[in-house]
Amino acid sequence: MPPITWTDSMKRGLAFQDEDHEEAVALVNAAQTCTDEEFPAAYRRLLDHTVDHLKREDDLMARIGFFAMEVHTSEHRRVIDEMHHYLDKLKAGDIAAVRAYVTDAVPNWFINHLDTMDTATAMFARQMGEH
Ligand SMILES: [Fe+2]
Ligand SMILES: [Fe+2]
């Protein structure tokens, strides 16, 4: 998949979420375009950012009582487990598998997740007065 270009059309009107998503795009793109030597650190930065971001969304959902929180948080847990699975592959030396994951699966997941669960959560949050 070609690199994602961040645009205002990807904003959902929640400041922390929009800022996190823009940073995620930059980190995914950096992990796609860096050298093999730089890749492990780039992947760690992406993983750390993702863990922090998904926790911020989970905390928001708990605070506002989002009706579909269980579905959304369990999807967050699934992707974090998946990213740790690929971290293990990286530690085992299978850099090609992790580079392929970051090139295809991760950006596809990001776009789909943003357009579905994150969008629904942001709409509900804004109705609850979050911004
Ligand atoms: Fe998100
Ligand atoms: Fe999310």
Side-chain angles (χ1 to χ4, degrees):
M1 156 166 199
I4 300 169
T5 302
W6 178 260
T7 66
D8 282 352
S9 68
M10 296 163 79
K11 292 183 177 177
R12 294 295 180 266
L14 281 181
F16 88 87
Q17 192 192 45
D18 289 337
E19 287 166 16
D20 282 357
H21 289 166
E22 183 170 6
E23 187 179 347
V25 167
L27 291 171
V28 170
N29 289 345
Q32 287 179 358
T33 55
C34 68
T35 65
D36 279 356
E37 287 69 34
E38 295 165 335
F39 184 76
Y43 187 75
R44 282 308 277 255
R45 279 194 290 275
L46 176 61
L47 174 54
D48 290 347
H49 166 85
T50 303
V51 168
D52 291 347
H53 167 63
L54 299 185
K55 171 85 165 59
R56 281 191 278 275
E57 284 192 1
D58 290 350
D59 289 347
L60 167 75
M61 289 189 274
R63 189 169 74 244
I64 65 177
F66 181 51
F67 57 88
M69 177 173 178
E70 185 48 40
V71 176
H72 194 167
T73 56
S74 56
E75 176 58 15
H76 286 172
R77 282 195 297 276
R78 187 199 65 76
V79 82
I80 288 171
D81 287 350
E82 184 180 84
M83 291 187 81
H84 279 110
H85 169 72
Y86 278 92
L87 181 63
D88 290 342
K89 280 184 180 289
L90 192 59
K91 289 176 179 169
D94 193 356
I95 191 167
V98 189
R99 296 210 78 144
Y101 173 62
V102 166
T103 299
D104 288 315
V106 170
N108 274 307
W109 178 82
F110 176 82
I111 295 293
N112 288 332
H113 188 78
L114 172 57
D115 281 345
T116 56
M117 294 184 190
D118 283 2
T119 296
T121 300
M123 285 178 66
F124 183 81
R126 293 182 65 190
Q127 287 168 5
M128 299 297 284
E130 300 281 332
H131 51 81

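Just the heavy atoms: all of them, side chains too, but no hydrogens, waters or symmetry mates, feed the values below. We count ligands from 1, going down the list as the structure has it; atoms in each ligand are counted the same way.
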**Request:** Scan Asp115, Asp118, Ile111 and name whichever one has a side chain to side chain contact (heavy atoms under 4.5 Å, CB included) with Met10.
**Result:** Ile111
**Request:** Look at Lys89 together with Glu82 and state whether they make a salt bridge at an N to O cut-off of under 4.0 Å.
**Result:** no
**Message:** Taking N, O or S atoms only and a limit of 2.8 Å, check whether Glu75 reaches the Fe ion (ligand 2).
**Reply:** no
**Message:** Restricting to N, O or S, what is the name of the atom of His76 that lies nearest the Fe ion (ligand 2)?
**Reply:** NE2
**Asked** At the Fe ion (ligand 1), what's the angle from Glu57 OE2 to His53 NE2, rounded to 10 degrees?
**Response** 80°
**Request:** Show the numbers, then the answer: is there a side chain to side chain donor-acceptor pair (under 3.5 Å) between Glu57 and His76?
**Result:** CA-CA 9 Å; Glu57 284 192 1; His76 286 172; 3.1 Å; yes
**Message:** Under the side chain to side chain contact (heavy atoms under 4.5 Å, CB included) test against Thr73, which residue among Met117, Arg78, Met61 passes?
**Reply:** Met61
**Item:** Side-chain touch Gln17/Glu130, heavy atoms, less than 4.5 angstrom
**Value:** no
**Prompt:** Between the Fe ion (ligand 2) and His72, is there an N, O or S atom separated by less than 2.8 Å?
**Reply:** yes
**NE2 (His21) to the Fe ion (ligand 1) to OD2 (Asp118) angle, given to the nearest 10 degrees** = 80°
